[in-house]
Protein chains: 2
Amino acid sequence: MPAETSQTVVPRDAKTVRPAAAARPRKAPRSRVVGAQALPLNQILSGDCVERMNAMPEGSVDMIFADPPYNLQLRGDLHRPDNSKVDAVDDAWDRFDGFSAYDRFSRAWLKAARRVLKPGGTMWVIGSYHNIFRVGAALQDEGFWILNDIVWRKSNPMPNFRGRRFTNAHETLIWAARDEGGKYTFNYEALKSLNDGVQMRSDWVLPICSGGERLKDEAGRKVHPTQKPEALLHRIILGATQPGDVILDPFFGSGTTGAAARRLGRAWIGIEREEGYRTAAAKRIAEVKPYDMEALQTTRSRRAAPRIPFGQVVERGMLRPGMVLTSADGRRKAKLRADATLSADGTTGSIHQVGAAVQGAPSCNGWTFWHFEKDGALVPIDWLRQQILAEVEA
Amino acid sequence: MPAETSQTVVPRDAKTVRPAAAARPRKAPRSRVVGAQALPLNQILSGDCVERMNAMPEGSVDMIFADPPYNLQLRGDLHRPDNSKVDAVDDAWDRFDGFSAYDRFSRAWLKAARRVLKPGGTMWVIGSYHNIFRVGAALQDEGFWILNDIVWRKSNPMPNFRGRRFTNAHETLIWAARDEGGKYTFNYEALKSLNDGVQMRSDWVLPICSGGERLKDEAGRKVHPTQKPEALLHRIILGATQPGDVILDPFFGSGTTGAAARRLGRAWIGIEREEGYRTAAAKRIAEVKPYDMEALQTTRSRRAAPRIPFGQVVERGMLRPGMVLTSADGRRKAKLRADATLSADGTTGSIHQVGAAVQGAPSCNGWTFWHFEKDGALVPIDWLRQQILAEVEA
DNA sequence: TTCTGAGCTGAATCGGTTA
DNA sequence: CTAACCGATTCAGCTCAGA
């Protein structure tokens, strides 16, 4: 793709982006005139998102997805235990001069975003604990009405290498209506069928964006440090918009919103300051093949079988720290501790480790080896796991 | 339990609450004097939590768990599809006049809470999307340093009856240190054990409080509208405090924090305005049987083990100066000198420095990198340290 | 062609002690 | 206070080389 001379980037085949709603024209227009101003559809606008949004007609957009800078405030380098260096987010666009500067930034773009939303429009914002509380409070102050907060539980997050905190395994999304009482779009049935027939919950398990989906440059480096998975946008767009709706992303980045919107037959508008991101996003979106409407019906999410750690049995009070577990024949004994480890014969460790140790065996399935007394009989602790499993699955 | 005449509620057997740290007195005191003021331990204080906290000594509490009112502002009643009425949270204490009143309330109690925290203390706050963004922003403004946000994913949430939103299936906790850079308690290994040997993530799956754990009055009505499950507090207390630490809960409610603290051998202080809750909580906590001391011994991290200098290994003659140490694959070699330094490739220094140098790595744990030959096999020199440790510990 | 193991990577506010 | 130094710390999933 040649260097851009105009201010906006238009995918080569923008004309084939066809909103699917019957009432829409067959050929998607490059712009839709609303009031005196034109609405630039299926294009990536350059420049500052507040200025760009303020130049757009009021009340013209059905949904906004925003992935603003997180204000991470990282200090030094971080190395993995194998001494390799973590490629952290250190871009200039993520640096702010303290909370108040970040708050001013947030209020400015939120105000502009709210102005361009239709009365029944909704907004999605994603963030982490570094910024999401400030953004959430600011959007409430601006008059948005929160409908849900959604947790994106990452199936494959980066671990905590130093062992000083919990693995940061999720990000938070806020779904908000422009106004309290607004008649927003929520495709309850579509999401329910996406979720194997049970209503969609506020926690979504999805992998991070990696593999073939992750945009790379010629040298194999990631194009954007925080590219979002298209599956996340798929669920958001499917649940909160109708085919043909206009979706605006003021922090367009690698263009995931545009790619998912095009695939799902929605119109989109991106705003992005960095030319490199605009170029990569335009190329990416141009290569997207929109789904047949029919294909939308068949999408299903996989649900992995949950793993139940032994610790849950203890936390839930099903076994009491201090009590003694025994083997089936009652000859081996071990004492349960509050962190769900066992201690016996001077060794401590997991149910599996201690089970192996007391037998002098190389390995052991502690779930079936260790028993507790219930109503006068010895019952394997695996019975307790089955109770939890049945509850979690239900 | 009789109606209270005094201002505080003391469980009948408060004297048996015994902090487990060796340095503590055998009988837990009703109060601990710090400076000029007394710290009321294992008691439920009445009245306003801000006033009560301000009457406590500064820097006297190890951990705070706070479950503030959620500011739900429900409009009208909520009915299930079968027309039964949902017993919603609509108590007077949960209504605030708009966001600014709630923010003033939040800042007041956060400021008071931060004052009573020890320098290395941490605070946990739980909330939902109605209030957590405001509380999170306020605590950042007050100087708290967020360590993690944690998602409590409910395995059995109340479904969304109207089909207009996602099932609200989680609540959010914020874990924050009093100050940036504070040396907080985090029992990494204990939590890892609790999670089957993999590090604990920021998303926790736990059932809501129901069944026998849920406090009911004589008529079978729930005593408190938002009683938290004890499993949640078990994990928090086990992970973020030591036995004998003082845990404060300024919104004590049904006393889950006190019950879990007592069970886990921690001292606790509750503050609660409503007499009915105080009475129920005191009765509940009095019935809690603390775990054995032995069960409270949790898996210790290597960080907490006494430090053995490598020089001791040489001094004791376990390794002989002049011999050659190698990496696990045998490719890197270094010669041991009498002052317990190594020399290789022209560089000399500690086991760590030379290990890093021969690999060209930024750092290296020499204990696990360097090996010596024992009975024909390569053994890491850390094995020798373990021998000394076992001897020192015994 | 298919399997296996080594290697790499991801929005990260990721030490503590002694001199 | 800073600086030096010790030494603790990772999970899931994809890619690719080699069998």
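We use all heavy atoms of the structure for the numbers below, so side chains are in, but hydrogens, waters and symmetry mates are not. A note on names: the letters A, B, ... follow the listed sequences, proteins ahead of strands, and every chain is numbered from 1.
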Trainee: Does anything in residues 69-101 of chain A come within less than 4.0 Å of DNA chain D? Heavy atoms only, and list the residues if so.
Mentor: Pro81(A)
Trainee: Below 4.0 Å from chain A heavy atoms, what is the first contacting nucleotide of DNA chain D and what is the last?
Mentor: dG7(D) to dT15(D)
Trainee: Salt-bridge test for Asp141(B) and Arg134(A): reply yes if a basic N is under 4.0 Å from a carboxylate O, no otherwise.
Mentor: yes
Trainee: Provide the distance between the two P atoms, one in dC6(D) and one in dC14(C), to the nearest whole Å.
Mentor: 23 Å
Trainee: Considering only NZ, NE, NH1 and NH2 on the basic side and carboxylate oxygens on the acidic side, decide whether Asp339(A) and Lys192(B) come within less than 4.0 Å.
Mentor: no
Trainee: How do Ile208(A) and Asn168(A) order along DNA chain C: which one's closest nucleotide is nearer the 5' end?
Mentor: Ile208(A)
Trainee: Is there a side-chain contact between Lys222(A) and the phosphate of dG10(C), meaning an N or O under 4.0 Å from OP1 or OP2?
Mentor: yes
Trainee: Mind listing the N/O atom pairs, protein and nucleotides 16-19 of chain C, below 3.5 Å?
Mentor:
{"from": "dG16(C)", "atom 1": "OP1", "to": "Arg164(A)", "atom 2": "NH2", "distance (Å)": "3.0"}

Trainee: Return the stems involving DNA chain D, sorted by first number, where pairs are Watson-Crick (N1-N3 with N6-O4 or O6-N4) or G-U wobble (N1-O2 and O6-N3), both under 3.5 Å, and runs are 3 or more long.
Mentor: C:2-10 with D:11-19, C:15-19 with D:2-6
Trainee: In whole Å, what separates the P atom of dA19(C) from that of dG7(D)?
Mentor: 13 Å
Trainee: Considering only atom P, compute the distance from dT9(D) to dT9(C) and round it to an integer number of Å.
Mentor: 24 Å
Trainee: Listed in order of residue number, which residues of residues 329-340 of chain B have a non-hydrogen atom at under 4.0 Å from DNA chain D?
Mentor: none
Trainee: Would you mind telling me which residue lines up with the more 5' stretch of DNA chain D, Ser210(A) or Arg162(A), judged by nearest nucleotide?
Mentor: Arg162(A)
Trainee: Look only at the side chain of Arg278(A) and the backbone of Glu272(A), and say whether a donor-acceptor pair between them is shorter than 3.5 Å.
Mentor: yes
Trainee: Among residues 357-368 of chain B, which ones have heavy-atom contacts with DNA chain D below 4.0 Å?
Mentor: Ser363(B), Cys364(B), Asn365(B), Trp367(B)
Trainee: With hydrogens left out and only the distance checked, is there a donor-acceptor pair under 3.5 Å joining Lys228(A)'s side chain and the base of dA11(C)?
Mentor: yes
